[in-house]
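Taking it in order: structure first as structure tokens, then the write-up.
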Amino acid sequence: MGLYESNFIRLGWLAGTLASLAGAHCSSVAGDCDLVLTVTERSPYTSTLALSYLLPGAHGAGTYPDMRLRIYHDAHLVEAQQWATAHTQPLLKALRTRAERELDQRWARNVMLNKWLEYCVERGHRFSSRTRLIAGA
């Protein structure tokens, strides 16, 4: 649970008060890919969101690592529940290949999330009311 608590703290650095997160947001930082956060589900005690980089490509922007996160507001925990089903990056592919059991896969996803959140904050990414995307725009 310590890892999930750390994920909650780091996501808070990135997005502020997690209980008030809503909608879709895009953080743009010079020298880095855009970071997109979308709240997909909300309930009184949990929220589910998608967090991903927008990577430029020959066929339009792709999302990577396309993580689904669950926030447990009352317990102050964040769990990486899912990430892209296939990875082309060698390090992520190795993590996924080595994680044979479900517990190992959870550990790999959440360690990666923890490090990625810290990296995003260090790069200067932040989500706020100014980064909220307008629906239909």
Heavy-atom closest pair, residues Ser27 and Arg126:
OG-N, 3.2 Å
Would you check if Leu49 and Arg68 make a side-chain contact, meaning some heavy-atom pair closer than 4.5 Å?
no
Taking the six-membered ring for Trp and the full ring for Phe, Tyr or His, determine whether the centres of Phe8 and His76 are under 6.0 Å apart.
yes
Heavy atoms, side chains only, cut-off 4.5 Å: are Leu113 and Val78 in contact?
yes
Tightest non-hydrogen contact, residues Leu54 and Cys33, listed as O-CB, 3.4 Å
Identified side-chain contact (heavy atoms from CB on, under 4.5 Å) partner of His25 from the options Leu14, Thr38, Leu51, Thr131
Thr131
Where at least one partner belongs to residues 15-36, residue pairs that pass salt bridge (Lys or Arg N to Asp or Glu O under 4.0 Å), sequence neighbours excluded:
Asp32-Arg123
Check Pro65 against Met112 and note the closest heavy-atom contact, atom names and distance.
CG-CE, 3.7 Å
Leu77 side, atom CG; Thr46 side, atom OG1 - distance, nearest 0.5 Å:
12.0 Å
Nearest 0.5 Å, please: how far is CE in Met67 from CG in Leu117?
8.0 Å
To the nearest 0.5 Å, what is the distance between CG on Leu11 and OG on Ser6?
11.0 Å
Verify same cluster id: Val29, Leu133 (apolar side-chain graph, 4.5 Å):
no
Taking atom types as modelled and ignoring hydrogens, do the side chains of Thr17 and Ser20 form a donor-acceptor contact shorter than 3.5 angstrom?
no
Group every Ile, Leu, Val, Met, Phe, Trp and Tyr by side-chain heavy-atom contacts under 4.5 Å, then state whether Val111 and Tyr119 land in the same group.
no
Taken to the nearest 0.5 Å, the spacing of Leu35 CG from Ser52 OG works out to 8.0 Å
Salt bridge present between Glu79 and Arg70 (N-O < 4.0 angstrom):
no
Please report the interatomic distance CG(Asp74) to CD1(Ile71), rounded to the nearest 0.5 Å.
12.0 Å
Would you indicate whether the side-chain heavy atoms of Cys120 and Tyr53 approach each other to under 4.5 Å?
yes
Do Ser47 and Tyr72 come close enough that some side-chain heavy atom pair is under 4.5 Å?
no
Between Val39 and Thr48, is there a side-chain heavy-atom distance shorter than 4.5 Å?
no
Would you indicate whether the side-chain heavy atoms of Asn114 and Tyr4 approach each other to under 4.5 Å?
no
If I take atom CG from residue Leu21 and atom CZ from residue Phe127, how far apart are they, to the nearest 0.5 angstrom?
9.0 Å
